[in-house]
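What follows is one structure encoded as structure tokens, with my remarks underneath.
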Amino acid sequence: MRNSHHYHSTMKSLFLLSMATAMTLAAPVADAKDYWQLDSCSPAINYLPSAAGAHSDHLEMAGKQIATVVRYGIDDRGAFRLEKSFVWPMLRTIPNNTHASLMRRSNLDIVPLIHINGALVREKVDTISFDGKLTVKSTLANGVNLTRSYYPSPDQPVFHEYFTITNNRTTPVSVEIPDVSSLETTPAEKGVDGAYAIQALTSGNGTFTLAPDETATFSVSTQGRPAGGPQIATDAAADLAGRNSFVNGLRESLVLESPDPVLNRMFDFAKIRACESIYATKGGPLHGPGGESYYAAIWANDQAEYANPFFPYTGYGYADESALNAFRHFAKWMNPEWKPIPSSIIAEGLDYWNGAGDRGDAAMIAYGAARYALAKGDRTQAEELWPLIEWCLEYCNRKINADGVVASDSDELEGRFPAGEANLCTSSLYYDALLSAASLAGELGKPKSVVADYRKRAAKLATAMEHYFAGPVEGFDTYAYYKGNDILRSWICIPLTVGLFDRTEPTLEALFSPRLWTENGLLTQAGTETFWDRSTLYAMRGAIYAGAEDRTLPYLQHYSRSRLLGEHVPYAIEAWPEGNQRHLSAESALYARIFTEGLFGIRPTGLRSFTVTPRLPQDWNDMALRHIRAFGSDFDIEVKRAKGDKINIIVTERGKTVADRTLAEGTPMTVKLKS
């Protein structure tokens, strides 16, 4: 029998330790060095070479038929260095598994081969900038300047390097641009469709004279195609216009206006990365994580749970198509035997991967599909998705264990860290899915008994989760991620994101303590060096949604500045040390959801309705989200500080005010759109 006096003495000591630990880190660690700056005249960030010497980084860009990881930098002499990793998701290799996209690396660079007045050029980089494309401005010789831009074709399996050379001298110069065209044919036995051709083509090359102030353009475009097919006609200038149009379209929808320009710019970039990584596969548009590994495939976490609920807010129709298509692929695996839906649909929708067993995928899918259906606001789509949502909820219901929580084989980290027989994530997602499904059922005219049953299940599950997961871990009265877990885990944040706030304060103390929080965000497990941005992004969203916006804002600002202006830019990353901080796409959707669901507290409740619970930081007088395209509409949310602890919330739909109320901060406001 436990010694009661000893137990209470121990718990008191642990509580004091918890409070002391929490007080140790009242703010995030000091900001790291800024390598980049916000461009004050354009929606870009700029890197200015300094005496610090060499610098290198990598970022990913994508179109509908190609992705490219650009590894770039400046050497210690000030010259630009470049390596490109091309990925063609629809040129499948053998075996046709998750990673079977045709890939090639190339360090081909035309610039060192250029001659000016008969001499090889020496380059000195003046600036590097990024605004959805990578642009480098350099001096080649006294008075001769070069601008190069790197970007994918929006629609073709082509990546472009587009150059503009300018003579700023007072005398003419002779310029020689070489032809660096090349052709490689892959072995036929290694391709699903036989041999593939990888071809680099130079356009605008030759020898010519540039008069003073005259410019010339040339390009190198790399394409991948079936070897027996025709060469793809490329137009670097037209594709540059197409890339700019795609980026500008996203920039003009779902516009964040806050007093912090770093948050605004990072939010804009997050929309680009979240929406660009969608591939035109045989199985329809499929959103893929990227990272030189994950293409022409979908996952129950990255796509169904992370990205798809966000897409309706952006107004980007192709992203919505990909979301609906993903749910259609998952729906094909519903079955009367109640076997789990696979974690991933791969190979352009032709195969599946389920190597980690049941990760709680049905909860992920139900959560994402219900939120997507509500936010999209399309009744026809909602009716189509209802059987999938209903099936996934029943599957989870059948996995309820004797303690009332949802059992699963693993979680989305797929065995990298222990998850027990039932984990906090799966039950939290099922809880949220039940609430969204109840709202959707009401909208679709389902029997009232269905609505009541889902809400009853959610309430019962919340009680069971408190009994099963809640309790002291390392002195913090928060959650054990699984039964028997005695080491802090970053995913203790997830109840906050679904509105379970009973343990908000001790959970925040744990999350922001030195045991979990580092300069790179949250450790996956205390005492390790591994961090995955996804849990950090969930944590910041949940903390703000729970009303801790002032406590969380410094962490959000530190994180955003580090990811946008630090050493590795300009997006949220996947993980470290695994993956070398790849710019996986869905993490950027999670970043944007910090604002839509956290700071503005948007919670869909119907096809044309939602609640909004804005969390206006004390140092801000106002904020706004403009041109929100969810719920089949186009509307703005403006939040302004009012007298006392109140805020004024104005919702304007296509120029007409549909709601204007002054409420105590933290009070949800229900909005019903007109259209």
Between [X] and [Y], a side-chain donor and acceptor under 3.5 Å:
X	Y	value
Ser490	Thr524	no
Tyr481	Asp411	yes
Tyr372	Gln381	yes

Identified ring pair (Phe, Tyr, Trp, His ring centres under 6.0 Å) partner of His287 from the options Tyr279, Phe311, Tyr318: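 The option that passes is Phe311.
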
Please tell me if the side chains of [X] and [Y] come closer than 4.5 Å, counting only heavy atoms from C-beta onward.
X	Y	result
Pro570	Trp36	no
Trp391	Asn335	yes
Leu522	Trp532	no
Gln156	Gln223	no
Asn423	Ser408	yes
Glu587	Leu537	yes
Leu424	Arg489	no
Leu134	Ile128	yes

Test item: [X] side-chain N/O and [Y] main-chain N/O as donor-acceptor pair under 3.5 Å:
X	Y	result
Thr518	Asn520	yes
Thr497	Tyr538	no
Arg541	Leu590	no
Asp358	Asp409	no
Ser436	Ala433	no
His329	Gly283	yes
Ser535	Trp491	no
Arg593	Tyr306	yes
Ser85	Arg105	no
Asn96	Ala347	no

Derivation of the ring pair (Phe, Tyr, Trp, His ring centres under 6.0 Å) call for Tyr294 and Trp299: CA-CA 9 Å; Tyr294 310 111; Trp299 278 258; 5.4 Å; yes

Among Ile94, Leu350, Leu102, side-chain contact (heavy atoms from CB on, under 4.5 Å) partner for Val192: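 So, applying the side-chain contact (heavy atoms from CB on, under 4.5 Å) to Val192 and each of Ile94, Leu350, Leu102, only Ile94 qualifies.
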
May I ask you to say whether [X] pairs ionically with [Y], meaning some side-chain N is under 4.0 Å from a carboxylate O?
X	Y	result
Glu161	Arg148	no
Arg328	Glu384	yes
Lys133	Asp239	no

Could you give the distance from [atom1] ([X]) to [atom2] ([Y]), rounded to the nearest 0.5 Å?
X	Y	atom1	atom2	value
Asp131	Asp268	CG	CG	11.0 Å
Trp353	Ile345	CH2	CD1	11.5 Å
Asp302	Ser343	CG	OG	11.0 Å
Tyr571	Met61	OH	CE	8.0 Å
Ile45	Met266	CD1	CE	9.5 Å
Ser245	Leu240	OG	CG	11.0 Å

Where does the angle between the aromatic ring planes of [X] and [Y] fall among parallel (under 30°), tilted (30 to 60°) and perpendicular (over 60°)?
X	Y	value
Phe80	Tyr72	parallel
His583	His58	tilted
Tyr559	Tyr591	parallel

Member of Arg71, Arg104, Lys84 meeting the salt bridge (Lys or Arg N to Asp or Glu O under 4.0 Å) criterion with Glu292: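 Answer after filtering Arg71, Arg104, Lys84: Arg71.
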
Arg359: which of Glu414, Glu305, Glu412 passes salt bridge (Lys or Arg N to Asp or Glu O under 4.0 Å):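 One option only clears the test, and that one is Glu414.
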
Intermediate values then yes/no, ring pair (Phe, Tyr, Trp, His ring centres under 6.0 Å), Tyr295 and His99: CA-CA 7 Å; Tyr295 302 90; His99 310 290; 9.6 Å; no

Atom CD of Glu421 with >12 non-hydrogen neighbours under 6.0 angstrom: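 No, not enclosed.
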
